[in-house]
Amino acid sequence: MAGKTKASKTDGASADAEATAHETSAATKQSAEKKGASKAKQDGAGQAKQAASAQTENRFVQELSDLDDYSRWYLDVVYKADLADLSPVRGCMVIKPYGYALWEHMQRAIDERIKATGHENLYFPLFIPYSFLMREAEHVEGFAPEVAMVTRAGGEELEEPLVVRPTSETIIGHMYAQWVQSYRDLPLLYNQWANVVRWEKRTRPFLRTTEFLWQEGHTVHRNEEEAEAETLLILDKVYADFVEREMALPVIRGRKSESEKFAGALRTYSIEAMMGDGKALQAGTSHNLGQNFARSFDISFQDADGQVKLAWTTSWGVSTRLIGALIMGHGDASGLRMPPRLAPIQAVIVPIWRKDDEREAVAALVSEVEQSLRAAGVRVRADWREERPGFKFNDWELRGVPVRIEIGPRDAANGQVTLVPRTDRTAKETIATAGVTARVQALLESIQTMLYEQALAFLKSRTYQASDYEEFKALMADRARLGFVEAWWCGDATCEAEIKAETQATIRNMPLDQPTGKHGACVHCGRPGAAWAVFAKAY
RNA sequence: CGGGGUGUAGCGCAGUUGGUUAGCGCGCAUGCUUUGGGAGCAUGAGGUCGCCGGUUCGAGUCCGGCCACCCCGACCA
């Protein structure tokens, strides 16, 4: 396939895909096209460059581990799986129905856990008086650069500018100060689902956008122990539990270093997940704010002993960034792979027919299976679009639907259907119609488990322990092996900064379960290790 | 904010030293044939060539200014 021009390259690609229908998947081919185009564009190169990229199409699958290609693969999946679209406002995105349905399922599962741990939902305003942001010194320093402000409204300059919330600690602190009087008012356990705006220099759909959706929990406690327990409870029983059980992604629970903690927090904890290219993604954070915000906003109470005391507060959040984690944590060469528990569509029925009478028989069976599945609570859709079956197979694989149900003339004649799991398209099975619902439910369970196990195996295979700095640097420089490196760290911020400057790796967190026994030497400076830390390049 | 690149149909692109009516592929619409791994043929719709100004008989093409977007880096609570 000597593609000399874009046109013939495209033709060559599709002809090739038909000839070899094994690993040359949809996403691969589409990505390859896009990649070829952008490469040629970037280099402003001529025909030699284009011919070269045409030749690499077949092995693009393996190049997914390449960082540059990975980011292109990610964008392809986001747009081609119809999760989101670009917006006319730079850095903002439109979340499309398929992506929003995914978010709704995430919300439901997270909200259940938030409520199960004793919290209630409420809602605070989008606008915050500018002066509020200024109250907590560290907080203002952290957020000021990326705050959007309203200075004009109602046809005139505002007396005091309003900031569009980048997070709500300040306005919530202001209100809590009025709501908390006695130790009997505590703890205050509230959460809100909201949008926030942070003016980022560089954005990527779901991972970092100017506006994003999230939940932010804000609680007030009587003492440090209670606040700390709350912070860790949320991290483990809400966030880690959700990401591991619903999203099927293993995470590392740990504490952030001083330089990585939330602006204004006493301590920040995070869960960190590994993406398909070995980079880390912070999937959720939980902060023990100490008495910092209580002091700035005067959240105090009279305790049982009659003394007026400053309260302890916490805040914690997860966002639509989790969608990015899901994509990069499970996606493969064919596109997205939705964990069944969150999949907007858990099973898709693809009808196949030639003649009208065949269509009738197939339609009857499709309808029967569809109703049976729906009655059993399975989120199912029959795809009657006027496309050919092969197109639909690829399309739904790209969108990550866990189970495909093929129903054709052969099936109709035999009273059976054909099932294909997204995790292995060669594992086709036929089953009598009577058993379909039970079998689909079992398949969904096993796919959920399989996705977790695959992600866990990948995490383990890409987690290393570096005993010396040379080994550390080598690991961080090797794209094929890139992952998490566990090592001792002296606790010095200077040392941390040097590692970052030299390797681009940051301390993701210091795992909650620290090794027992004696500490080793800091991987960078050799001084006594203060903490066992996970280092990685991160999104 | 620094470095690099690109703006021509919804998307991806071509357009020679300036020269008639600006093309190609995908997608889209209509029809027929198809349908168990990304269909074929036919017909058709779709453009103030990013914006403003200049040079010229004539500008997608040359010159100047502006704007937007993309990539790499810095930043990212």
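Labels below follow one simple rule: chain letters A, B, ... track the order of the sequence lines, proteins then strands, and each chain is numbered from 1.
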Pairwise [atom1] distance for [N] and [M], with rounding to whole Å:
N: B:A9; M: B:G18; atom1: P; answer: 24 Å
N: B:U8; M: B:G60; atom1: C1'; answer: 7 Å
N: B:G19; M: B:C49; atom1: P; answer: 16 Å
N: B:C11; M: B:G27; atom1: P; answer: 16 Å
N: B:C24; M: B:G47; atom1: C1'; answer: 15 Å
N: B:G15; M: B:A59; atom1: C1'; answer: 14 Å
N: B:U6; M: B:G12; atom1: C1'; answer: 13 Å
N: B:C70; M: B:G50; atom1: C1'; answer: 15 Å

Test item: A:Y74 side-chain N/O and A:P205 main-chain N/O as donor-acceptor pair under 3.5 Å:
yes
Are the ring centres of A:H139 and A:F293 closer than 6.0 Å?
yes
Could you give the [atom1]-to-[atom2] distance, from [X] to [N], as a whole number of Å?
X: A:R508; N: B:C76; atom1: CZ; atom2: C1'; result: 11 Å
X: A:E386; N: B:C28; atom1: CD; atom2: P; result: 12 Å
X: A:N394; N: B:U35; atom1: CG; atom2: C1'; result: 14 Å

Looking at the side chain of [X], which of [options] is the nearest nucleotide?
X: A:R90; options: B:C70, B:G36, B:G73; result: B:C70
X: A:E397; options: B:C76, B:C71, B:G37; result: B:G37
X: A:E200; options: B:G37, B:C76, B:G36; result: B:C76
X: A:D411; options: B:C75, B:G37, B:G36; result: B:G36
X: A:K201; options: B:A74, B:C76, B:G36; result: B:A74

Report yes or no: do [X] and [Y] form a side-chain donor-acceptor pair below 3.5 Å?
X: A:N288; Y: A:E228; result: yes
X: A:T418; Y: A:T430; result: no
X: A:H218; Y: A:S315; result: no

Pairing nucleotide - [N], Watson-Crick or G-U, each distance under 3.5 Å:
N: B:C76; result: none
N: B:A68; result: B:U6
N: B:A42; result: B:U30
N: B:U48; result: none
N: B:G25; result: B:C11
N: B:U35; result: none
N: B:G58; result: none

Would you classify [X] as touching base, sugar-phosphate or nothing, given that sugar-phosphate means primed atoms plus P, OP1 and OP2, and contacts are heavy atoms under 4.0 Å?
X: A:P409; result: base
X: A:R385; result: nothing
X: A:T268; result: nothing
X: A:R410; result: base
X: A:K392; result: nothing

dist A:E406:CD -> A:I349:CD1 (nearest 0.5 Å) comes out at 12.0 Å
In A:K279, A:R508, A:K537, the residue satisfying salt bridge (Lys or Arg N to Asp or Glu O under 4.0 Å) with A:E272 is A:R508
Nearest heavy atom decides the nucleotide; on that basis, is A:F212 or A:T203 closer to the 5' end of RNA chain B?
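The residue mapped nearer the 5' terminus is A:T203.
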Start at the 5' end of RNA chain B and walk down; is the nucleotide closest to A:V417 or to A:H287 reached first?
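Between the two, 5'-proximity favours A:V417.
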Let's test your reading of the model: under 3.5 Å, does the base of B:G37 pair with the side chain of A:E406 as donor and acceptor?
no
Side-chain N,O (A:R388) to OP1/OP2 (B:G40) below 4.0 Å
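No, no such contact exists.
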